[in-house]
Each structure stands twice: as C-alpha cells, then as structure tokens.
Amino acid sequence: PGVQLPHDPSKKTLVVLGSGWGATSLLKSVDTSDYNVIVISPKNYFLFTPLLPSVAVGTLNPRSIIQPTRYVTRHKARQVSVIEASATEVDPVAKTVKFEDTSEIQGLVSTTTVNYDYLVFAVGAEVQTFNIPGVKEHACFMKELEDAEKMQRRFLDCLESAAFPGQTQEEVDRLLHMVVVGGGPTGIEVSGEIHDFLEEDLRSWYPELANNVKITLVEALPSVLPMFSKQLIDYTESTFKEASIDILTKTMVKEIKEKSVVLQRPDKSIVEVPCGLVIWAAGNKLRKVTQDLMAKLPQAQTNRRGITVDEHLRMAGTDGSIFAIGDCSATSYAPTAQVASQQGAYLARIFAQIAKRDNLEARLRELQSAPQAEETAAEVTSVTKQLAKAEKLRPFQYSHQGSLAYIGSDKAIADLPFFNGNLATGGVATFLFWRSAYLSTLFSLRNRTLVATDWIKVKLFGRDVSRE
Ligand code: FAD
Ligand code: NAD
C-alpha cells in the first residue's frame, strides 16, 4: 500500500531520492509532462558543497550556498511533490520506497511508503570514520551545512577560551592548535580557509593570539591531493609551508580524544598531540539505505565502493527501473559533484526518451488491439520504426572539465584539460578563475548574488566573529 499523492494515474511515477548534486541536476532538466515526480530527501534544499569550507570560517553565510528544492521544481510543467524525509528501505521487487520524517517536529504520520515505476537513487554518501575511536564524539566533519556551522562555533570557542584571562601558555597553544585529518581536497580547502581567517581577521580581532595559532594537516598516504598533478601537489605543499601549515604525510590518526589526537608516525611510533579542534575530512562511505538495497541483490551488487550500474546508469540486478547516480554509485569516475551533475542531466534526457518509448509502446498496443484497417497497418509500421529508434538509449559519457581547489592565501590550483593535454596552473589568477567558475556554477541568480555580496562584505568589514 502506497500513499495517495495528487497524481495523474495514467502517468508513470518517478521517485527521486536525494536533493544533492545528482538529484538537483536531474530535477532542473527533467520534463515532468510525462511523469508524476516525487522527490524525497531529509534536506529540503540543495547544498553547493564546493563552498562549504568557506562557511566554516565565516567567509560565506550558510544560507548563501543553499537553494530550496521547491525553488528548483516550482517552474516545472507539472507539479513535483517534494517530501522532507529519509528513505529507509527500497524494495526492488514490490517497487516501493519506505520513508520517514526524521526531523525534530513530526505530525501524526511520520513513516509511509510510496510506489514507483522508476527510481533515481541519489542519496550520496556519508563520512567515513573507519570506526576510529573518538572521531564521532570529538571531531567536526565537513559534509553537511550543520557540520560547517558547528566547526565555526567550535573554532571561535577555541579562540575565545584561549583569550580567557589567566590561561597558561601551554593551554593557549593547545586551544589554538587546529588539526585537519585528510589530505584530499576537502582537508586542503579547510586548512586554506582557516589560514585565511588567521591572516585576515585574527590579527585585528585577537591580536594577542595571532602568533600562537598552529594548523596541522595529517594524511595517511605519502602525498596530499593524489588526484592532482605532481606539479600542483608541490605547489600546494610549498604554499602551505609559506603559510606555516604543517603537513604530516604517511601519518595516520589512530584516536581522537577530547583534547588531543593520537598519531601513528611514519616510523610506526605513536604520539599524542594536544589540540583544540579536529576537522575530520577522511573520505566517504556508503549510507545504510544504500548498503541495505545492495544486500537485496547480492549476486549483482558486490562492489564495496557503491552501487554497480550499467552504461545507462541502471542498477545491476534490477529490471532497469532503478537508476543510481553520484557518490552512492561505483563507477570508474571519482565521486565528485561534476560527475553527479552530469549523470543527473543525462538521466533527464534518458527519461524523456523512456517516456517517448512508453508512449509509443502504448500506442502500438492500442493499434494492435484495434480492428485491422489499411491506415492502421501503415501506422503500426511507422510506430514500430519510431519505437526501435526510441529503444536505443545512448550510454552515459563523462566529460571532465578539470579539477579545481582553493588552497588559501588567495591562491587556487587547477588541472584543466587543454586541447589533448593538461594545463596545470596555480596562483592568484587561478583563484580568480576559481571564484568566477564557482560563481557561475551556482544554481541560481539568488545564490550568485548572495555569495558575491558575502565576498564583498568580508573584504570591506572582515569576517563576523560573533559566536551563535
Ligand atoms: P549529495 O550531493 O551528497 O546529495 C545526496 C542527497 O541525498 C542529499 O540531499 C541528502 O540530504 C540526501 N539523502 C541522504 N540520505 C538520504 C535518504 N536516506 N533518503 C533520501 N535522501 C537522502 N566535487 C567537485 O566536483 N568539486 C568540488 O569542488 C567539490 N567540493 C567539495 C567540497 C566539500 C566540502 C565536499 C564535502 C564535497 C565536495 N565535492 C566536490 C564532492 C561533491 O560534493 C560530491 O561528489 C557530490 O555532492 C555528490 O553528489 P550526490 O548527488 O551523489 O550526493
Ligand atoms: P578523499 O577521500 O579525497 O580524501 C581523504 C583523505 O583522508 C585520503 O587521502 C586518506 O588517505 C586520508 N585519511 C583517511 N583516513 C585517515 C587517517 N586515519 N589518518 C590520516 N589520513 C587519513 O576525501 P575528500 O577530500 O572529502 O573528497 C571526497 C570526494 O569529493 C573526492 O572525490 C574529491 O575529489 C571530491 N572533492 C573535490 C573537491 C574539489 O574538486 N575542489 C573538493 C572537495 C571534495
């Protein structure tokens, strides 16, 4: 039994799980004329993740980088149902999704089920903690909007506590030691943003603390940013050196305590380092709802990185009614916004073609059950031809637009495809390119205006250091 939504029973129901990069890109382009579209996500907004680290130090206002999903769907040909809930279970045989209102306030009904004809599974991933003790309890993540807000509060709390009269020097040093775990782009960008805050604002707002702040980036592998070219890794490392950000490579975090991190050094020795704040940016893992769905198709779904899909992004082991995109799927591409959004746009095109195919099939059935007439035979031939064409779905093809990351000190790095080769650039000009690229990628004029205004505000007045 599924819930009754104000829908046209003659149309197929397309359920979209998630409101992130993959889902939003699909929703932007999908033609809703032929589908009853239902979006289910615990967040009723889209989050522009590339600018999340800027929220963590107050460069950007949290609201500037989010966009309500209803804003995205409001101009669609037919109304889209947006439901704020978490999908808890997908039944690929009965073709149902069970979902639950997991927010603070709930009505009398908070769990129900909906039927789908097509399902787009785009629930992303969650933070990988490797079950390392203390990570959940003591570290800040950098994945959701509330993570960045939490980090900002704690970061400012460290500064205010260090400024508390009578603090010992040792305690000041501890409180002002910021440890970032993970040398992927998230960890690098967060470190760069903290550094900017220190350079541009700490000296004016907390002059007595300015020389005591220390940033350490810990990475288990031999180098940071493995997805960038060697030249840009070296450039990032030298920029961090100039900015006095310590990079500890081949060093693994073994435990996080309330006031320290336990590190395993390259020589395997263990050291406990006091710190005020730990930011955990150690990568992704699958959500439970994804793992549970994969477990229902054990023969076809054996990749521990995510859902295996075919070249049309259909989930392997299903009858083709479930599509998986973005970070919850395992493809040969990195789990990035760029990939997820191209997959979402691709699916919008596929659904247009599927609708065409379904309509032609229905017409053919109608014609075949009608009394045979000459015109009918001619139409059957024509519809059959069109159907054969509509059945040929083009495979998904990813087009890499390059990798970009902000590394602090008004510098960014970019690996861009250039003719048949690669252009690796880093510096202030790349930073301006980074800003303009992200400004233009933001989904709406509203977001673009808000982000640009925040940047100007920070230039004019500095960052807001009030702790909410
Ligand atoms: P998401 O965008 O994470 O969306 C998942 C959606 O599913 C969310 O709306 C979530 O609320 C929803 N959801 C969760 N659980 C459920 C459930 N049970 N039921 C229904 N819905 C659910 N990539 C780049 O290419 N360039 C960058 O510069 C870049 N910067 C980044 C910076 C940061 C700080 C981070 C964390 C990531 C960055 N990425 C970047 C990676 C990029 O954000 C991800 O690859 C991208 O978000 C993946 O898109 P997605 O749609 O698969 O998942
Ligand atoms: P990531 O997986 O790229 O990096 C995590 C890093 O943490 C790894 O290098 C890993 O070796 C390290 N690590 C894990 N456990 C550790 C431990 N216990 N101690 C020390 N180090 C440890 O994660 P991410 O940076 O969050 O990126 C996730 C995805 O999002 C990637 O695909 C990335 O390309 C994408 N992303 C892109 C951008 C960008 O293009 N600017 C920005 C952010 C994220």
Side-chain angles (χ1 to χ4, degrees), residues 15-26 39-56 69 83-90 97 99-100 102 120-130 132 135 141-145 147-148 180-190 217-228 248-256 261 263-264 280-284 287-290 306 324-329 333-341 343-344 401-407 412-415 434 437-438 441:
V15 175
V16 181
L17 301 186
S19 56
W21 276 99
T24 305
S25 161
L26 164 70
V39 191
I40 300 171
S41 176
K43 303 276 153 53
N44 73 351
Y45 57 80
F46 163 75
L47 168 67
F48 191 83
T49 47
L51 292 176
L52 190 62
S54 302
V55 170
T69 301
I83 303 172
E84 192 194 75
S86 290
T88 51
E89 196 185 339
V90 174
V97 178
F99 55 94
E100 193 180 329
T102 45
V120 175
F121 202 83
V123 300
E126 59 183 48
V127 176
Q128 174 64 278
T129 66
F130 302 102
I132 292 174
V135 174
F141 296 156
M142 192 49 56
K143 186 97 179 80
E144 309 288 347
L145 196 60
D147 297 334
V180 180
V181 187
T186 304
I188 293 286
E189 289 184 334
V190 171
L217 179 81
V218 184
E219 168 55 55
L221 298 175
S223 105
V224 295
L225 293 175
M227 64 290 286
F228 280 87
L248 304 179
T249 51
K250 295 188 196 159
T251 305
M252 201 183 289
V253 170
K254 289 299 212 185
E255 186 179 351
I256 300 182
V261 278
L263 306 178
Q264 186 186 63
W280 186 262
N284 291 341
R287 291 189 191 279
K288 185 171 179 301
V289 64
T290 312
I325 56 174
D327 288 3
C328 62
S329 63
Y333 315 114
T336 64
Q338 223 184 120
V339 171
S341 64
Q343 290 176 327
Q401 304 296 304
S403 304
L404 260 176
Y406 181 59
I407 59 170
I413 50 171
D415 258 329
W434 174 85
Y438 282 168
T441 327

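Order of listing sets the numbers, starting from 1, for every ligand and every atom in it.
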Enquirer: Decide whether an N or O pair under 3.5 Å exists between W21 and ligand 1.
Expert: yes
Enquirer: Between W280 and ligand 2, is there a nitrogen or oxygen pair with a distance under 3.5 Å?
Expert: no
Enquirer: Out of curiosity, Y45 OH to E84 CD, how far, rounded to the nearest 0.5 Å?
Expert: 9.0 Å
Enquirer: For ligand 2, which atoms have a heavy atom of L221 less than 4.0 angstrom away?
Expert: 9 (O), 11 (O)
Enquirer: Enumerate the atoms of ligand 2 whose separation from the nearest heavy atom of G184 is less than 4.0 angstrom.
Expert: 3 (O), 4 (O), 6 (C), 25 (O)
Enquirer: Counting non-hydrogen protein atoms only, what is the nearest one to atom 29 (C) of ligand 1? Give residue, atom name and distance.
Expert: P50 CG, 3.8 Å
Enquirer: Examine ligand 2 and decide if any of its atoms is less than 4.0 Å from a heavy atom belonging to P335.
Expert: yes
Enquirer: Is the shortest N/O to N/O distance between E219 and ligand 2 below 3.5 Å?
Expert: yes
Enquirer: Could you name the option among G187, S19, G124 that has the heavy atom nearest to atom 8 (C) of ligand 1?
Expert: S19
Enquirer: Using a 4.0 Å heavy-atom threshold (strictly under), name the region of E189 that reaches ligand 2: side chain, backbone, both or neither.
Expert: side chain
Enquirer: Working to the nearest 0.5 angstrom, can you tell me the gap between L263 CG and L248 CG?
Expert: 6.5 Å
Enquirer: For ligand 1, is there an N or O atom under 3.5 Å from any N or O atom of A337?
Expert: yes
Enquirer: Is Y406 close enough to touch ligand 2? Criterion: a residue heavy atom under 4.0 Å from a ligand atom.
Expert: no
Enquirer: T49 to ligand 1: N or O pair under 3.5 Å?
Expert: yes
Enquirer: Check each heavy atom of T251 against ligand 2 and say whether those closer than 4.0 Å belong to the side chain, the backbone, both or neither.
Expert: backbone
Enquirer: From the options L263, V261, V253, select the one whose nearest heavy atom is closest to atom 18 (N) of ligand 2.
Expert: V253
Enquirer: Of the choices G344, G20, S41, which has the non-hydrogen atom that lies closest to atom 10 (C) of ligand 1?
Expert: S41
Enquirer: Please list, in number order, the atoms of ligand 1 under 4.0 Å from a heavy atom of K43.
Expert: 11 (O)
Enquirer: What protein heavy atom is closest to atom 51 (O) of ligand 1, reported as residue, atom name and distance in Å?
Expert: G22 N, 2.8 Å
Enquirer: What atoms in ligand 2 come closer than 4.0 Å to a heavy atom of T336?
Expert: 32 (O), 34 (O)
Enquirer: Any N or O of V181 that comes nearer than 3.5 Å to an N or O of ligand 2?
Expert: no
Enquirer: List every atom of ligand 1 that sits less than 4.0 Å from any heavy atom of M142, numbering the atoms from 1 in the order shown and giving each element.
Expert: 34 (C), 36 (C)
Enquirer: Taking only heavy atoms of I40, which atoms of ligand 1 are found under 4.0 Å from at least one of them?
Expert: 20 (C), 21 (N)
Enquirer: Under a 4.0 angstrom heavy-atom cut-off, which atoms of ligand 2 come close to M252?
Expert: 17 (C), 18 (N), 19 (N)
Enquirer: Would the distance check show the side chain of S41 and the main-chain N or O of K43 forming a donor-acceptor pair, the cut-off being under 3.5 Å?
Expert: yes
Enquirer: Would you mind finding which of P222, A412, A282, A414 brings a heavy atom closest to atom 14 (C) of ligand 2?
Expert: A282
Enquirer: Is the closest heavy atom of A281 to ligand 2 under 4.0 Å?
Expert: yes
Enquirer: Under 4.0 Å from a heavy atom of D327: which atoms of ligand 1 are those, numbered in the order shown and with their elements?
Expert: 44 (C), 45 (O), 46 (C), 48 (C), 52 (O)
Enquirer: Check ligand 1 against A122 and write out every atom of the ligand that is under 4.0 Å from a heavy-atom position of the residue.
Expert: 5 (C), 6 (C), 7 (O)
Enquirer: Check ligand 2 against I132 and write out every atom of the ligand that is under 4.0 Å from a heavy-atom position of the residue.
Expert: 18 (N)
Enquirer: Between C328 and ligand 1, does any nitrogen or oxygen pair lie at a separation below 3.5 Å?
Expert: no
Enquirer: Given P42, A23, S86, which one has a non-hydrogen atom that is nearest to atom 16 (C) of ligand 1?
Expert: P42
Enquirer: Which residue and non-hydrogen atom of the protein lie closest to atom 27 (O) of ligand 2, and at what distance in Å?
Expert: T186 OG1, 3.8 Å
Enquirer: Just by distance, do the side chain of S19 and the backbone of F46 share a donor-acceptor pair under 3.5 Å?
Expert: no
Enquirer: When you compare ligand 1 with A125, is there at least one nitrogen or oxygen pair between them that comes in under 3.5 angstrom?
Expert: no
Enquirer: Which ligand 1 atoms does G326 reach within 4.0 Å, using its non-hydrogen atoms?
Expert: 52 (O)
Enquirer: What atoms in ligand 2 come closer than 4.0 Å to a heavy atom of G283?
Expert: 2 (O), 5 (C), 23 (O)
Enquirer: Does any N or O atom in A220 lie less than 3.5 angstrom from one in ligand 2, N or O only?
Expert: yes
Enquirer: Heavy-atom pairs closer than 4.0 Å: do any link ligand 1 to the side chain of Y438, the backbone, both, or neither?
Expert: side chain
Enquirer: Counting heavy atoms only, which of E100, R287, E144 comes nearest to atom 15 (N) of ligand 1?
Expert: R287
Enquirer: Is there at least one pair of N or O atoms, one from G187 and one from ligand 2, spaced under 3.5 Å apart?
Expert: no
Enquirer: Using a 4.0 Å cutoff against the non-hydrogen atoms of V218, which atoms of ligand 2 qualify?
Expert: 20 (C), 21 (N)
Enquirer: What atoms in ligand 2 come closer than 4.0 Å to a heavy atom of L404?
Expert: 39 (C), 40 (O), 41 (N)
Enquirer: Could you tell me the residue and atom name of the protein heavy atom closest to atom 18 (N) of ligand 1, and the distance to it rounded to 0.1 Å?
Expert: A87 O, 3.0 Å
Enquirer: Report, in ascending order of atom number, the atoms of ligand 1 lying under 4.0 Å from any heavy atom of G18.
Expert: 6 (C), 7 (O), 12 (C), 20 (C), 21 (N)
